[in-house]
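What follows is a short report on a single structure.
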Amino acid sequence: MKKGLAKRGWDTSKTEVLDQIISIDDTRKKMQTLSDAELAKINTLSTQIGDLFKSGNRDEAENLKQGIADIKATNETYLSQLKEAEAQLEAMLLTVPNIPHLSVPSGNTDADNEVYKDWDKTLPVVDGKPHWDLGTQYNILDFELGNKITGAGFPVFRGKGSRLQRALINFFLDESTRAGYEEIVPPLLVNESTARATGQLPDKDGQMYYCERDDLYLLPTAEVPITNIYRGDIVDEADLPLKMTGYTPCFRREAGSYGSDVKGLNRVHQFDKIEIIQVTKPEHSYQTLEEMLNHVEQLLIKLELPYRILRLCGGDLGYTSALTFDFEVYAAAQQKWLEVSSVSNFETFQSNRLKLRYKDNSGKKQLAHTLNGSALALARIIVALLENHQTPEGIIIPAALRPYTGFDMIN
RNA sequence: GGAAGAAUGGCAGAGCUGGUUUAAUGCACUAGUCUUGAAAACUAGCGUACGUUUACGCGUACCGGGGGUUCGAAUCCCUCUUCUUCCGCCA
């Protein structure tokens, strides 16, 4: 564990917490045993008192009652220590991120990410406009209007831009369904338990929009409600893998972002995303990860966009993930790579919080593995479609998308 | 938003005037007997978590969540959540 966490930049001063956790857990166990023994005494005595009352032996019953007060007092001290240990344990465990997979490279920033699969053709050279200019030119995208209605980072799509968005949603959902995923329409607001189970809380507390009056969070990703469908469940081994997909808007505060990263559609507070989610047996999860990578890759090929796949280094890896591959798409006018998908294996990190288990053939209960990936995130796909497929006559829609848009060019 | 009622094991459903309930019973499920095979019948088993034990097992907690009263709570009290019915509002 310590070696794995070192990839996230955890030095010995931080991994010390693991030893503390083990020691506090020992205390917890001890207090549990002691408290159980006291409670057992009370149970035995209570039964005796009941019998004595029935046989009319009131005095002796009153005698026994005296002793119970002492037992209770003793139990109280055990119980308070038990509760304290449990509280400390929970607080400490929440500070420990997932242990990176063996293949995760060391490193602190995105510069240390490994290019897992590079774009093997030459990158397109476009002597054209960035998407924010194209959006205005064809009247499909309006940032000013979004500022007026809501604020920065909430763009308005209109006309063919709006239609393109709807086309992409339907295209991605159809592709997921064809690959065997069950389509889900989840709630867009979730409660605290749900956000905690998939690991957004406490890690991403400041990044989610929060409705104080009702104590609910706006989704940062469909992963949250959809993975939580099976929270607390024990599923049959025969039902695995569970495959689900869903389209939702995603809301992210993106506190602390600035500069060219947030220009145009590059980083917005509300965007649409189609997510694919799987629950698998532990021994199959890395094979499943490959399968999901392949699914996402096929989408980008069908959209005729230049892409590359990165294996995230320890420092860039999400808090909850054991292994993550990012897909980046090339925005030709900005000459920038933009992340459009993140495909991760969480192993048991989420299922442990979810209490999502399966019963194997011998009847034993085991934690399942959970995985998810974007297939795909819309806003940046639109960036790439506009910038890469622009011509002097207009923006060409890829063939795979035309049945969904109903037009083959934006002009 | 207002009023009344309800929440029990995979499902149905007793218990709810506090102490042989270690939660009855039925269905479903699993194994066995019987049968050429199946069905039926019969027999047995059948929840979760934590702790403990080499192991068989044992202890504790859990009857929507949390708290309280009591020697003892599924049962009494408080509170929250959800559901049902009625009223109000409304796509």
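Chain naming here is simple, since letters A, B, ... match the order of the sequence lines and numbering starts at 1 in each. Atoms considered below: every heavy atom in the structure, side chains included; atoms not considered: hydrogens, waters and symmetry mates.
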| query | Out of A/Glu339, A/Glu328, A/Glu114, which residue meets the salt bridge (Lys or Arg N to Asp or Glu O under 4.0 Å) rule with A/Arg308? | reply | A/Glu328
| message | When the P atoms of B/G47 and B/U36 are compared, how many Å lie between them, rounded to an integer? | response | 35 Å
| message | Rounding to an integer number of Å, can you tell me how far A/Asn191 CG sits from B/G65 P? | response | 16 Å
| query | Below 4.0 angstrom from OP1 or OP2 of B/U48, is there any side-chain N or O of A/Lys365? | reply | yes
| task | Assign each of A/Lys30 and A/Asp51 to its nearest nucleotide of RNA chain B by heavy atoms, then name whichever residue's nucleotide is nearer the 5' end. | result | A/Asp51
| Quantified in whole Å, what is the P atom distance between nucleotide B/U69 and nucleotide B/C77? | 15 Å
| said: Once rounded to the nearest 0.5 Å, what's the spacing between atom OG of A/Ser344 and atom CG of A/Leu289? | reply: 7.5 Å
| field | Distance test, side-chain N/O of A/Arg28 to OP1/OP2 of B/G51, below 4.0 Å | value | yes
| field | Separation between the C1' atoms of B/A28 and B/G66, rounded to whole Å | value | 33 Å
| request: Let me know the distance between CD of A/Glu192 and C1' of B/G65, rounded to the nearest Å. | output: 14 Å
| said: Can you confirm whether the side chains of A/Thr74 and A/Glu38 place a donor and an acceptor under 3.5 Å from each other? | reply: no
| request: Summarise how protein sits on nucleotides 70-80 of chain B as a single string, 5' to 3': B when a protein heavy atom is under 4.0 Å from the base, S for sugar-phosphate-only contact, - for no contact. | output: -BS--------
| query | If we take the C1' atom in both B/A12 and B/U17, what is their distance in whole Å? | reply | 27 Å
| note | Residue pair A/Asp25/A/Ser35 against RNA chain B: nearer the 5' end by closest nucleotide is A/Asp25
| query | For the side chain of A/Arg357, counting heavy atoms from C-beta on, which of B/U52, B/A49, B/G59 is nearest? | reply | B/A49
| If the P atom of B/A14 is compared with that of B/U30, how far apart are they to the nearest Å? | 27 Å
| task | Let me know the distance between CG of A/Asp236 and P of B/U30, rounded to the nearest Å. | result | 11 Å
